[in-house]
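Notes to accompany the following structure.
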Amino acid sequence: MTKTILVVEDESSIAENIRYALTTEGYEPVWCETGHEALATLAKKEISLVVLDVGLPDLSGFEVLRELRKITDIPVIFVTARANEVDRVVGLELGADDYVVKPFSPRELTARVRAVLRRTMNGPSAAGALQSRSCNHFELDEKRHAIFYHGKNLELSRYEFRLLRVLVLKPGQVFSREQLMDKAWEDPAMSFDRTVDTHIKTIRQKLKTIKDDVDPIITHRGIGYSLKEPE
């Protein structure tokens, strides 16, 4: 089945090159010039992956991704002229799957599209994974990519889900940052130590919002993180 790729790029010449490269590789590209148009398209059309420019005329690519992650876990590759580390970290922390800096070759981009689709189609929720698991006030629903805490659904980003999943399945076991990156990221080399710390901090805040009178569920032990066993 032909996969549809949404290209969100306001520069027509760049968009045309991307669309041509995707078409020659057997994909069906759909082009949008603005963030609002992209979100509207995603709401009504089945898309396999989004190639998303950061510098759009209405919303930034980061804003589009924030809105996108509220409704779907669809893979996203950022395309941008911003090469500094801060922007790269922000994009990956928001849940992007890859980050391509302009100028780039169309062949490089299509190779990354193939790689991301291959990884996401064979990720931790592939056949054989647990469909549901209860542990330490948590319920893990693999099929829906959801985690419930004290019966309430946690609104988690892609990588927040993956990180908490690792800790829920191994309560009390201490993981180093490097181990968590290996288990939660498709390409750990694309991540940074502080990316894990940022996600853990956000997860703690979400847990605390649900049950404010318990000790932090995720504990830091100097060398890594663990999920506490119930008292």
key: Closest contact, heavy atoms only, Pro75 versus Val116   = CB-CG1, 3.6 Å
ask   = Does the side chain of Asp98 reach to within under 4.5 Å of the side chain of Leu49, using non-hydrogen atoms?
value = no
query = When clusters are formed by joining ILVMFWY residues with side-chain heavy atoms under 4.5 Å apart, either directly or through shared neighbours, do Phe148 and Leu154 land in the same one?
reply = no
task = Please report the C-alpha distance between Thr34 and Asp10 in whole Å, then the side-chain angles of each, then the deciding distance to 0.1 Å, and finally whether the side chain to side chain contact (heavy atoms under 4.5 Å, CB included) criterion is met.
result = CA-CA 7 Å; Thr34 68; Asp10 62 318; over 6 Å; no
ask   = Step by step, would you call Glu63 with Arg66 a salt bridge (Lys or Arg N to Asp or Glu O under 4.0 Å)?
value = CA-CA 5 Å; Glu63 291 174 308; Arg66 286 191 188 97; 5.6 Å; no
task = Nearest 0.5 Å please: distance from the CD atom of Glu25 over to the OG1 atom of Thr110.
result = 4.5 Å
inquiry  = Between Asp58 (side chain only) and Gly35 (backbone N and O only), is there a donor and an acceptor less than 3.5 Å apart?
reply    = yes
request  = Compare all side-chain heavy atoms of Asp53 with those of Val8 and state whether any distance is below 4.5 angstrom.
outcome  = no
query = Could you go step by step and tell me if Arg158 and Arg162 meet the side chain to side chain contact (heavy atoms under 4.5 Å, CB included) rule?
reply = CA-CA 6 Å; Arg158 176 198 298 266; Arg162 291 180 178 179; 3.5 Å; yes
Nearest heavy-atom neighbours spanning Trp31 and Glu9 = NE1-O, 2.7 Å
message = Give me the atom names and distance for the closest heavy-atom approach of Gly26 to Thr2.
response = O-CG2, 3.3 Å
request  = Using the side chain to side chain contact (heavy atoms under 4.5 Å, CB included) rule, take Arg177 and Asp197 through it: C-alpha gap first, then chi angles, then the decisive distance, then the call.
outcome  = CA-CA 8 Å; Arg177 294 180 181 89; Asp197 294 344; 2.9 Å; yes
note = d(Ile203 CD1, Ser157 OG) to nearest 0.5 Å is 7.5 Å
ask   = Checking side chain to side chain contact (heavy atoms under 4.5 Å, CB included) for the pair Val196/Met181: CA distance, chi angles, key distance, verdict?
value = CA-CA 7 Å; Val196 173; Met181 284 190 286; 3.4 Å; yes
inquiry  = Keeping Lys102 on the side-chain end and Val79 on the backbone end, is there a donor-acceptor pair under 3.5 Å?
reply    = no
query = Do Leu6 and Ile74 share a hydrophobic cluster (ILVMFWY, side-chain heavy atoms under 4.5 Å, transitive)?
reply = yes
message = Do Val50 and Tyr20 land in one hydrophobic cluster if side-chain heavy atoms of ILVMFWY residues count as linked below 4.5 Å?
response = no
remark   = When rounded to the nearest 0.5 Å, the distance separating CZ of Phe175 from NZ of Lys183 is 5.5 Å
ask   = When rounded to the nearest 0.5 angstrom, what is the spacing between CG in Leu156 and OG1 in Thr202?
value = 10.0 Å
message = Just checking Glu108: does its CD atom have more than 12 heavy atoms from other residues, nucleotides or ligands closer to it than 6.0 angstrom?
response = yes
ask   = Looking only at heavy atoms, which two atoms of Leu164 and Phe138 are closest? And how far apart?
value = CD2-CE2, 4.1 Å
request  = Measure the acute angle between the ring planes of His199 and Tyr159, then classify it against the limits of 30° and 60° as parallel, tilted or perpendicular.
outcome  = tilted
task = Hey, could you give me the CD1/CG distance between Ile14 and Leu109, rounded to the nearest 0.5 Å?
result = 11.0 Å
request  = Can you measure from CG (Leu52) to CG (Leu68) and round to the nearest 0.5 angstrom?
outcome  = 8.0 Å
note = Taking every heavy atom of Thr4 against every heavy atom of Glu46, the minimum-distance pair comes out as CB-O, 3.7 Å
ask   = Does any non-hydrogen side-chain atom of Ile210 lie less than 4.5 Å from one of Lys206?
value = no
task = Indicate the atoms forming the closest heavy-atom contact of Pro57 with Glu33, along with that distance.
result = CD-O, 3.6 Å
